Amino acid sequence: MSTTRHDLLQAFDALLQPARFKDYGPNGLQVEGRAQIRKIVSGVTASRALIEAAIQAQADAIFVHHGLFWRGQDGCVTGWMKQRLALLLAHDINLFAYHLPLDAHPELGNNAQLGLQLGLEATARFGEQELGFLGGRADGGGFANATVLAGHVKNGLNRPVVQVGREQKAIKNIAWCSGGAQGYFEAAIAAGADAFITGEISEPQAHYAREMDVAFIACGHHASERYGAPAVAAQVAAQLGLDHQFIDIDNPA
Ligand SMILES: [Zn+2]
C-alpha cells in the first residue's frame, strides 16, 4: 500500500489542525521529498541521527515534533543544517514537522500521551493556547508528597527527574505540559495545581515551587515528548495503509 505526499500532508493537517496555532516555526511539510509514500518513520527531533536511521529503515517520510526551521534562526544552510538537509535531499525523503499542534491534540498529542504514560487524566486545560493539561490520577487517588510523585514519574519514564517543593503535603491536582514548558508554571499554580510536570526547569521555578508550596517535577524535554509523534504517525499510517516505525534517538536533555 502507498499514498501520495499530498494525501499524507492532508491527513496530518486534518488530524492536527495547524491553522489553529500560533507557533515558533512552520507546521506541515518542511522538506519536500518523493511523491509516493510507503513508509513513515516517526521520531522526536529531526536530528542527523534520526535522518540517518530513517534512511537505513528505507523511509519515504519522517514525522517529527521538532523540525528544522524555527523563528530566530539566521537562515543559513551551514554546519549541522547543511548536513541534515543534504541527507534528506540526497535520499529524497519528506520531512513533516508539527510542533504545538502535536503537543495539544486531545488524545494523540504529547500531553495526552504523557498523561497516559503516567496514569493521569486531564479534566481541564490551562495556559497560553490551552496547551497545559490539568487533572489528576486516572484512578482518582493522589500522591502523599512531591517525593512520591517524583518516584512515580521516574518509574513511568524510566529516567531520573528533578524535584522541587511541596515535600510535606499531599498532591491531588496535577498539571502537566510536555517539553520546555517551565514558563507555564505560574499559570499552573493559578489554575490550582498542587504539582506541575514538564520537561525542563529553569532557575526561577525552583524558588516559585518553594515559595508557593507547589511541586515542580522536571522529567526531561525529550522524555516528555517521546509519545505524541509515534501515536499520531501510527494512526495516520493505519488510516492510509502505510508502514510506520518509531525510532527513538536517546537524549538525556
Ligand atoms: Zn519540545
Side-chain angles (χ1 to χ4, degrees), residues 1-71 73 75-77 80-113 116 129 131 178-179 222 225-249:
M1 289 282 283
S2 74
T3 189
T4 61
R5 179 202 315 119
H6 174 264
D7 286 356
L8 183 56
L9 176 61
Q10 298 279 74
F12 283 135
D13 279 350
L15 190 61
L16 298 173
Q17 301 182 28
R20 290 178 43 222
F21 297 86
K22 262 196 289 176
D23 214 328
Y24 308 96
N27 288 303
L29 181 65
Q30 288 200 343
V31 180
E32 185 178 302
R34 60 185 67 111
Q36 210 64 28
I37 316 278
R38 282 186 181 77
K39 178 165 184 179
I40 308 171
V41 157
S42 65
V44 178
T45 299
S47 62
R48 195 176 81 194
L50 179 69
I51 295 167
E52 285 169 347
I55 292 165
Q56 279 292 314
Q58 299 188 301
D60 305 300
I62 301 175
F63 176 83
V64 293
H65 181 48
H66 302 135
L68 290 181
F69 308 110
W70 302 98
R71 205 196 290 155
Q73 281 172 332
C76 296
V77 181
W80 58 266
M81 178 67 90
K82 185 242 174 175
Q83 293 171 9
R84 295 182 192 183
L85 273 175
L87 283 170
L88 288 170
L89 295 172
H91 293 269
D92 210 16
I93 297 180
N94 297 278
L95 176 66
F96 294 88
Y98 290 82
H99 185 235
L100 299 183
L102 183 57
D103 288 322
H105 189 279
E107 286 97 35
L108 301 171
N110 280 324
N111 285 324
Q113 293 289 317
L116 208 60
Q129 303 194 64
L131 289 172
S178 68
H222 174 89
E225 298 195 319
R226 289 176 64 221
Y227 306 102
V232 165
Q235 159 125 346
V236 167
Q239 185 188 321
L240 299 174
L242 307 174
D243 282 344
H244 165 245
Q245 181 185 352
F246 172 60
I247 297 181
D248 192 32
I249 305 295

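Every value quoted in this text rests on a predicted model; they were computed, and no experiment measured them.
- When all heavy atoms of D103 and E225 are compared, the closest pair comes out as OD1-OE2, 3.2 Å.
- For the atom pair CG of L95 and CG of L88, the computed distance is 5.5 Å after rounding to the nearest 0.5 Å.
- For the 3.5 Å distance criterion, the side chains of Y98 and D13 qualify, holding a donor opposite an acceptor.
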Quick one: side chains of residues 46-58, donor-acceptor pairs under 3.5 Å with protein atoms, not counting sequence neighbours, listed by atom name and distance.
| residue | atom | partner | partner atom | Å |
| --- | --- | --- | --- | --- |
| S47 | OG | L50 | N | 3.2 |
| R48 | NE | E52 | OE2 | 3.4 |
| R48 | NH1 | Q83 | OE1 | 2.5 |

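- Across every non-hydrogen atom of L8 and A61, the tightest pair is CD2-CB, 4.0 Å.
- D23 contributes a side-chain N or O that, together with a main-chain N or O of L100, makes up a donor-acceptor pair within less than 3.5 Å.
- No side-chain donor from either of Q17 and H105 sits under 3.5 Å from a side-chain acceptor of the other.
- Within the model, atoms CG of L68 and NE2 of H66 stand 12.0 Å from one another, a figure rounded to the nearest 0.5 Å.
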Check against side chain to side chain contact (heavy atoms under 4.5 Å, CB included), I93 and L87: CA-CA 8 Å; I93 297 180; L87 283 170; over 6 Å; no
I62 vs V31, side chain to side chain contact (heavy atoms under 4.5 Å, CB included): CA-CA, chis, key distance, verdict: CA-CA 10 Å; I62 301 175; V31 180; over 6 Å; no
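- To the nearest 0.5 Å, atom CG of residue L116 and atom CG of residue L108 are 10.0 Å apart.
- At distances below 3.5 Å, not a single donor-acceptor pair connects side-chain atoms of Q129 with backbone N or O atoms of F21.
- Panel note: side chain Q73, backbone W70; a donor-acceptor pair is recorded below 3.5 Å.
- Using modelled atom types and a 3.5 Å distance limit, the side chains of K39 and Q245 yield a donor-acceptor pair.
- Going from atom CZ of R226 over to atom OG of S42 covers 11.0 Å, rounded to the nearest 0.5 Å.
- Across A11 and L240, no two heavy atoms sit closer than the pair CB-CD1, 4.0 Å.
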Verdict with supporting geometry, Y227 and V44, side chain to side chain contact (heavy atoms under 4.5 Å, CB included): CA-CA 8 Å; Y227 306 102; V44 178; over 6 Å; no
Side chain to side chain contact (heavy atoms under 4.5 Å, CB included) between V236 and L15, intermediate numbers included: CA-CA 8 Å; V236 167; L15 190 61; 3.9 Å; yes
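- D248 is listed as a side-chain neighbour of H222, based on a closest heavy-atom distance under 4.5 Å.
- Other residues, nucleotides and ligands place no more than 12 heavy atoms under 6.0 Å from the CZ atom of R38.
- Residues F12 and A233 come closest through the heavy atom pair CE2-CA, 4.5 Å.
- With respect to the salt-bridge test (charged N to carboxylate O, under 4.0 angstrom), the residues D60 and R34 qualify.
- Partner of N94 under the side-chain hydrogen bond (donor to acceptor under 3.5 Å, both in side chains) criterion, chosen from R5, Q30, E32: R5.
- Nearest heavy atom pair, residue T45 against residue V64, reads C-CG1, 3.9 Å.
- Residues satisfying the side chain to side chain donor-acceptor pair (under 3.5 Å) test with T4, not counting sequence neighbours, are none.
- Taking the six-membered ring where the residue is Trp, Y24 and H99 present perpendicular rings, their angle passing 60° and hence far from 30°.
- With rounding to the nearest 0.5 Å, the separation of CZ in R20 from CG in N27 is 12.0 Å.
- Considering all non-hydrogen atoms of both residues, F246 and G43 come closest at CE1-CA, 3.8 Å.
- Within the 3.5 Å criterion, the main-chain N or O of S178 finds a donor-acceptor partner in the side chain of N111.
- Note: F96 and F63 fail the aromatic proximity criterion, with ring centroids not under 6.0 Å apart.
- Annotation: side chain to side chain contact (heavy atoms under 4.5 Å, CB included) contacts of A112 (sequence neighbours excluded): F133.
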